[in-house]
Amino acid sequence: MKASKYPLFTQKNNPSDAEIISHKLMLKAGLTRQQSSGQYSFLPIGYRVLKKIENIIREEMNAIGSAEILMPSVQPSELWEESGRWETYGLELLRLKDRHQRDYCLGPTFEEVITDLVRKDLNSYKQLPINMYQISSKFRDEIRPRFGIMRAREFIMKDAYSFHLNQECLDEWYENYKKAYNKIFTRLQLEYTMVDADSGNIGGSKSNEFHVIADTGEDDLLIDQDGIGVNYEIAKTKYNSDDIKKIINENNLVHKKGIEVGHIFKLGDKYSKAMNLSIADVESKICNIEMGCYGIGVSRIIAAAIEQNHDDKGIVWPATIAPFKIVIIEIDGHKNESVRIYSSELYEKLSAKGVEVILDDRNSKLGNKLNDWELIGIPNIAIVGKSEAETKSVTFKKRGQDDKSSLSIENLIKITSD
RNA sequence: CGGGGUGUAGCGCAGCUUGGUAGCGCGGCUGGUUUGGGACCAGUAGGUCGUAGGUUCGAAUCCUAUCACCCCGACCA
């Protein structure tokens, strides 16, 4: 990519609507723009980050043998009436009518649709277990959207669903997903913890939440010596006390704030029973299908990552989700042919190695360019001016560190293409 | 929904109390001087003051209604 032809929308002034740091930085760095309350467009830089996160999730889902699908976001009321949630889900379910006055809703979650999908094609227990996931927009008509993309009404979520002949198989797959989630959050390079949790609105017997640790998190977590936590409500039940302070002291726990970015559930037969999804087993006995569901708030992870990784200059992306791996900044390339030729040569070499590189060939000053890229948070910065062009080197700087060093082309390629 | 607040140029704001037809900073554009960490000078473009109605000779300013957005609380990935 060349910055002169790439839509960058950084802003100098602090946006007035933003309260928390991730929201401010996302607007300043030009990652997202608000459409209406709780709804955001992703600009090119923001969308690249979203795709990075999606791909890590996708790879780990595929790796455990969950298959990607896509379901419609507008869902017929009939399915929700079958599950009983048309009545119970409440105002968060945005309901609408089509031209024939049939009732629909915008999908906030997909248990009904996927249960319907599976029951139409499930003929034999031999097809089980079935594991499928999708990455798509969800809509929840939140009482109060806030903090930008952190709690939006429309957001990107990965939701996986599993179908099993028996509890043992569900338990096994629940563990598979749990392991996959740990891999995902490790690869995202975020400080996180898994906690025992309430299954809330979705229903079922067992659930775990994954939280990114951040002071601005909305959830209170109690974390033990092994890094395993519980949320407040669960802790009260688990330790049989209402006194949080006492629980903390007596059990040697640490209180931290978390941003919930993942939630996995053992649903049991709640939906399969209500929606009549059953199958004959080896002995021709009719069994209800055991289900699990596994969510990750993909777009929320962007905000969570920024909450955890920023400084006074802007975002400091973990390398695995940075929108670009490196930016090459020209000094006066438009006035200096040797600089222009040399920077293009570097750009081509890095591109050829598959390095995600953007060349800042805009007609602006070094300071402005550096400020833009430090705000956006690109992890590696290579500066080339007249002297670098002469010596065939670059002035190299890591985001988050102040010192600069001189690197040969070979070393630059080595550092950025590993 | 209850409580608090804000809508004026692309962004951030002043002006409103005490009506007289809109201004500042940043950004944009043009020209020149600069040029290795947000340059300087000069010039220039850009706003039916959220919307509708009312009061008045006259409304960004006063009154009424309405819409949008933000913050605190109840709900959630």
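If you're wondering where the values come from, they're calculated on a predicted model, not measured in any experiment. Order of the sequence lines sets the chain letters (A, B, ...), proteins ahead of strands, with each chain counted from 1.
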For a quick test of reading the model: is some side-chain N or O of Thr395(A) closer than 4.0 Å to OP1 or OP2 of G36(B)? no

Suppose we call a contact any N or O donor and acceptor under 3.5 Å apart; does that hold for the side chain of Lys404(A) and the base of G37(B)? yes

Does Ser364(A) make a side-chain donor-acceptor contact with the base of G38(B), cut-off 3.5 Å? no

Could you tell me whether Glu390(A) and Lys386(A) have a side-chain N and a carboxylate O separated by less than 4.0 Å? no

Using a 4.0 Å heavy-atom cut-off across all strands, classify Ser299(A) as base, sugar-phosphate, or nothing. nothing

Establish, with yes or no, whether the OP1 or OP2 oxygen of A77(B) is under 4.0 angstrom from a side-chain nitrogen or oxygen of Arg151(A). no

Stretch residues 44-75 of chain A: residues that reach within less than 4.0 Å of RNA chain B through a heavy atom: none

Over all strands shown, is Ile156(A) touching base, sugar-phosphate only, or nothing at heavy-atom distances under 4.0 angstrom? nothing

State the pairing partner of G73(B); accept Watson-Crick or G-U wobble contacts with both distances under 3.5 Å, and report none otherwise. C1(B)

Think Arg140(A) has a side-chain N or O under 4.0 angstrom from the OP1 or OP2 of C75(B)? no

Tyr192(A) and Phe185(A) aromatic ring geometry - parallel, tilted or perpendicular at 30°/60° bounds: tilted

Please verify the inter-ring angle class for Phe42(A) with Tyr47(A); under 30° counts as parallel, over 60° as perpendicular, anything in between as tilted. tilted

Would you kindly check whether a donor in the side chain of Glu374(A) faces an acceptor in the base of G37(B), or vice versa, at under 3.5 angstrom? yes

Basic-acidic side-chain contact under 4.0 Å: Asp360(A), Lys2(A): no

NZ or CZ of Arg95(A) within 45° of Trp86(A) ring axis and under 6.0 Å: yes

Would one find a side-chain N or O of Lys365(A) under 4.0 angstrom from OP1 or OP2 of G38(B)? no

Is Gln34(A) near enough to A68(B) that one of its side-chain N or O atoms lies under 4.0 angstrom from OP1 or OP2? no

Partner of U17(B) by Watson-Crick or G-U wobble geometry, both contacts under 3.5 Å, or none? none

For the side chain of Gln11(A), starting at C-beta, report the closest nucleotide among C11(B), G38(B), A77(B). C11(B)

Would you state whether a donor and an acceptor, one from the side chain of Asp17(A) and one from the base of C70(B), lie under 3.5 Å apart? no

Looking at G47(B), which nucleotide sits across from it as a Watson-Crick or G-U wobble partner, both distances under 3.5 angstrom, or is there none? none

Quick check: on RNA chain B, is the nucleotide nearest Glu388(A) upstream (toward 5') of the one nearest Gly38(A), or the reverse? Name the residue that is more 5'. Glu388(A)

Tell me whether Arg300(A) forms a cation-pi arrangement with Phe155(A), defined as NZ or CZ under 6.0 Å from the six-membered ring centre and within 45 degrees of its axis. no

N/O (side chain, Arg146(A)) to phosphate O (OP1/OP2, G73(B)) under 4.0 Å: yes

Of the listed nucleotides (A77(B), C71(B), C69(B)), which one gets closest to any side-chain atom of Phe155(A)? A77(B)

Taking the side chain of Arg144(A) as its heavy atoms from C-beta onward, which of C71(B), G36(B), G37(B) lies nearest to it? C71(B)

Glu330(A) and side-chain hydrogen bond (donor to acceptor under 3.5 Å, both in side chains): which partner among Arg362(A), Arg340(A), Lys335(A)? Arg340(A)

Applying side-chain contact (heavy atoms from CB on, under 4.5 Å) between Phe396(A) and each of Asn380(A), Asn411(A), Ile381(A), Asp403(A), report the one that passes. Asn380(A)

Re G10(B): Watson-Crick or G-U wobble partner, both distances kept under 3.5 Å, found to be C26(B)

Return yes if the base of U34(B) and the side-chain atoms of Lys335(A) contain a donor-acceptor N/O pair under 3.5 Å, otherwise no. yes

Assuming nearest nucleotide by heavy-atom distance, tell me which of Leu366(A) and Ser36(A) is located more 5' along RNA chain B. Leu366(A)

Please work out if Ala152(A) contacts a base, only the sugar-phosphate, or nothing of the nucleic acid, heavy-atom cut-off 4.0 Å. base

base_contact_polar (G12(B) base, Asn14(A) side chain, donor-acceptor, <3.5 Å): no

Please verify the inter-ring angle class for Phe210(A) with Tyr181(A); under 30° counts as parallel, over 60° as perpendicular, anything in between as tilted. tilted

